[in-house]
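Note that this is a predicted model, so its numbers are computed, not measured. Order of the sequence lines fixes the chain letters, A, B, ..., with proteins taken first and strands second; residue numbering starts at 1 for each chain.
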Amino acid sequence: ALAQDDASPPEPKWSIAIHGGAGTLNRDAMTPERRAEYEAALQEALDAGRAVLARGGSAMDAVKAAILPMEDNPLFNAGRGAVFTWEGTNELDASIMDGRDRSAGAVAGVKTVKHPILLADVVRTESPHVMLMGEGAEEFAAEQGFAVTPPEWFATEARKRALERMKANKLSALDVDHKFG
Amino acid sequence: TVGAVALDMEGNLAAGTSTGGMTGKRWGRVGDAPVIGAGTYADNRACAVSATGWGEYFLRVGVAHEICTRLRMERDAIVRNQRLMQGLALSVAAADLKEQHPSGEVLHHEYGPYDIRQFKGKAWQTAAQKVERIAQKAADAVMADVAELGGDGGVILVTPEGHAIFSFNTSGMYRGRATSEGVNEVAIFGGEDKASATP
């Protein structure tokens, strides 16, 4: 009895959008080589998510597929290439949510999990909680079979220099243009 | 920070965000990325959102949930109006929140009472176009709210109708989108969404 004005239903659609950070960017500092590097990395992530959707896969799988290569790519502030804390460590946060039932999972301040987005998803599916943090989250990760990733995996020279610059300028974390890393 | 939002062919939405936080963070600082409702949110009745930017402001605005809530309410109104325009005001009341199964059992609609996927053809198209405009407006308005407080950054979102939308108040956002309609593009600075499209 619901409103309809002709017989043709809309075709099933899929759609995906990704981001790799936002901030104040200097166009002059973006060399063609650097730009190509970023565009290739974004396209790789987009293609990974797109492939899942195009073959009829789920939105949840597509989101994870798109984020994984960005967590592995030192260009982005996530996973490998994450920025440094004041103490010189890399602490990672992630969250994921399923629009079907609004189930959600999140982790904060983990240091040894290679792909925090996957741990967030396991928090969603295998725990009664929404967010786990720090050592507890890592303990949960170990119980769920996540390998312990050494800190060297996450640390990059560029991010280390950014922290050193910040400290040299005696800036607090909130004073610097931290976006984009 | 990185993130992704997606709509699959079953009409389901999902959102995810992952980050290293901010350079030089201390005292166990946590931003918006792992906070459901601030940096990430997904609801089949509205949209899926992932955010990036100055987390303290995104937390205060509840950015991802705020965008979803605005869109959910507007989508409800679109469907309600569409029904009324087609002279089915009486059946709106009947189908308002529930429907009767032949067995007598009361069933709730899976995606809420107002779902434009129940429309077909032109009615669907009209409603979908409205949703796109409203989604962009909602994202822009919430980002303007963030800016008013002093924060900056951006969001990505997808709607149940398949729109992939960006909004940011910084000079750039590393971003990309692809749809079953043939969109496939990546971009960095503002106003160049199609400049970097690759096959």
K.L.:
Contact part of A/Val63 toward chain B, heavy-atom cut-off under 4.5 Å: side chain, backbone, both or neither?
P.N.:
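Both backbone and side chain.
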K.L.:
Does A/Lys111 pair with A/Glu135 as a salt bridge, N-O distance under 4.0 Å?
P.N.:
no
K.L.:
For chain A, which of B/Ala51, B/Gly39, B/Ala46 has the most heavy-atom pairs under 4.5 Å?
P.N.:
B/Ala51
K.L.:
Under 4.0 Å between a side-chain nitrogen and a carboxylate oxygen: does that hold for B/Lys137 and B/Asp140?
P.N.:
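No, this pair does not count.
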K.L.:
Would you call A/Glu37-A/Arg34 a salt bridge at under 4.0 Å N-O?
P.N.:
yes
K.L.:
Please step through side-chain contact (heavy atoms from CB on, under 4.5 Å) for the pair A/Met70 and A/Ile18, ending with a clear verdict.
P.N.:
CA-CA 10 Å; A/Met70 291 193 283; A/Ile18 62 165; 4.2 Å; yes
K.L.:
Quick check for you: among B/Asn169, B/Val155, B/Thr40, which has the greatest number of heavy-atom pairs under 4.5 Å with chain A?
P.N.:
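Of B/Asn169, B/Val155, B/Thr40, B/Thr40 has the most heavy-atom pairs under 4.5 Å with chain A.
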K.L.:
Looking at A/Asn90, A/Leu92, A/Ile67, which makes the most heavy-atom pairs under 4.5 Å with chain B?
P.N.:
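Heavy-atom pairs under 4.5 Å are most numerous for A/Ile67.
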K.L.:
Between A/Leu42, A/Asp93, A/Thr85, which shows the greatest number of heavy-atom pairs under 4.5 Å with chain B?
P.N.:
A/Asp93
K.L.:
Sort out for me which of B/Gly31, B/Gly16, B/Pro34 touches chain A most, counting heavy-atom pairs under 4.5 Å.
P.N.:
B/Pro34
K.L.:
I'd like to verify something: which residue of A/Ala17, A/Ala54, A/Gly134 has the highest number of heavy-atom pairs under 4.5 Å with chain B?
P.N.:
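Most pairs with chain B among the choices: A/Ala17.
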K.L.:
I'd like to know if A/Glu39 and A/Arg35 make a salt bridge, using a cut-off of under 4.0 Å between side-chain N and carboxylate O.
P.N.:
yes
K.L.:
Top residue by heavy-atom pair count (under 4.5 Å) with chain B, among A/Ala78, A/Gly109, A/Ala45?
P.N.:
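Among the listed options, the one with the most contacts to chain B is A/Ala78.
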K.L.:
Using non-hydrogen atoms and a 4.5 Å limit, figure out which bit of A/Met60 sits close to chain B: side chain, backbone, both or neither.
P.N.:
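Both backbone and side chain.
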K.L.:
Using non-hydrogen atoms and a 4.5 Å limit, figure out which bit of B/Val5 sits close to chain A: side chain, backbone, both or neither.
P.N.:
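Both the backbone and the side chain of B/Val5 come within 4.5 Å of chain A.
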K.L.:
Please look at B/Val183 and chain A and tell me whether the side chain, the backbone, both or neither of the residue comes under 4.5 angstrom of a heavy atom of that chain.
P.N.:
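No part of B/Val183 comes within 4.5 Å of chain A.
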K.L.:
Where on B/Ala178 is there a heavy atom nearer than 4.5 Å to chain A: the side chain, the backbone, both, or neither?
P.N.:
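Its backbone and side chain both get close to chain A.
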K.L.:
Quick one: CE on A/Met30 to OH on A/Tyr38, what's the gap to the nearest 0.5 Å?
P.N.:
6.0 Å
K.L.:
Checking A/Leu163 against chain B: side chain, backbone, both or neither under 4.5 Å from a heavy atom?
P.N.:
both
K.L.:
Determine, step by step, whether A/Asn73 and A/Glu44 satisfy the side-chain hydrogen bond (donor to acceptor under 3.5 Å, both in side chains) criterion, reporting the C-alpha distance in whole Å, the side-chain angles of both residues, the deciding distance to 0.1 Å, and the verdict.
P.N.:
CA-CA 10 Å; A/Asn73 193 322; A/Glu44 182 192 358; 4.8 Å; no
K.L.:
Is a salt bridge present between B/Glu161 and B/Arg75, judged by a nitrogen-to-oxygen distance below 4.0 Å?
P.N.:
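So B/Glu161 pairs with B/Arg75 through a salt bridge.
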K.L.:
Which one, A/Glu71, A/His115, A/Met133, A/Lys64, leads in non-hydrogen pairs under 4.5 Å with chain B?
P.N.:
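Among A/Glu71, A/His115, A/Met133, A/Lys64, the one with the most close pairs to chain B is A/Glu71.
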K.L.:
Please determine, among B/Ile165, B/Asp43, B/Thr19, the option with the most heavy-atom pairs under 4.5 Å with chain A.
P.N.:
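Going by pairs under 4.5 Å, I would pick B/Thr19.
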K.L.:
State plainly whether the residues A/Lys13 and B/Glu181 are in salt-bridge range, i.e. N to O under 4.0 Å.
P.N.:
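Yes.
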K.L.:
Starting at CG of B/Asp8, measure out to CG of A/Asp61 and round the result to the nearest 0.5 Å.
P.N.:
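Those atoms lie 9.0 Å apart.
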K.L.:
Select, from B/Gly3, B/Gly28, B/Ala14, the one with the greatest count of heavy-atom pairs under 4.5 Å involving chain A.
P.N.:
B/Gly3
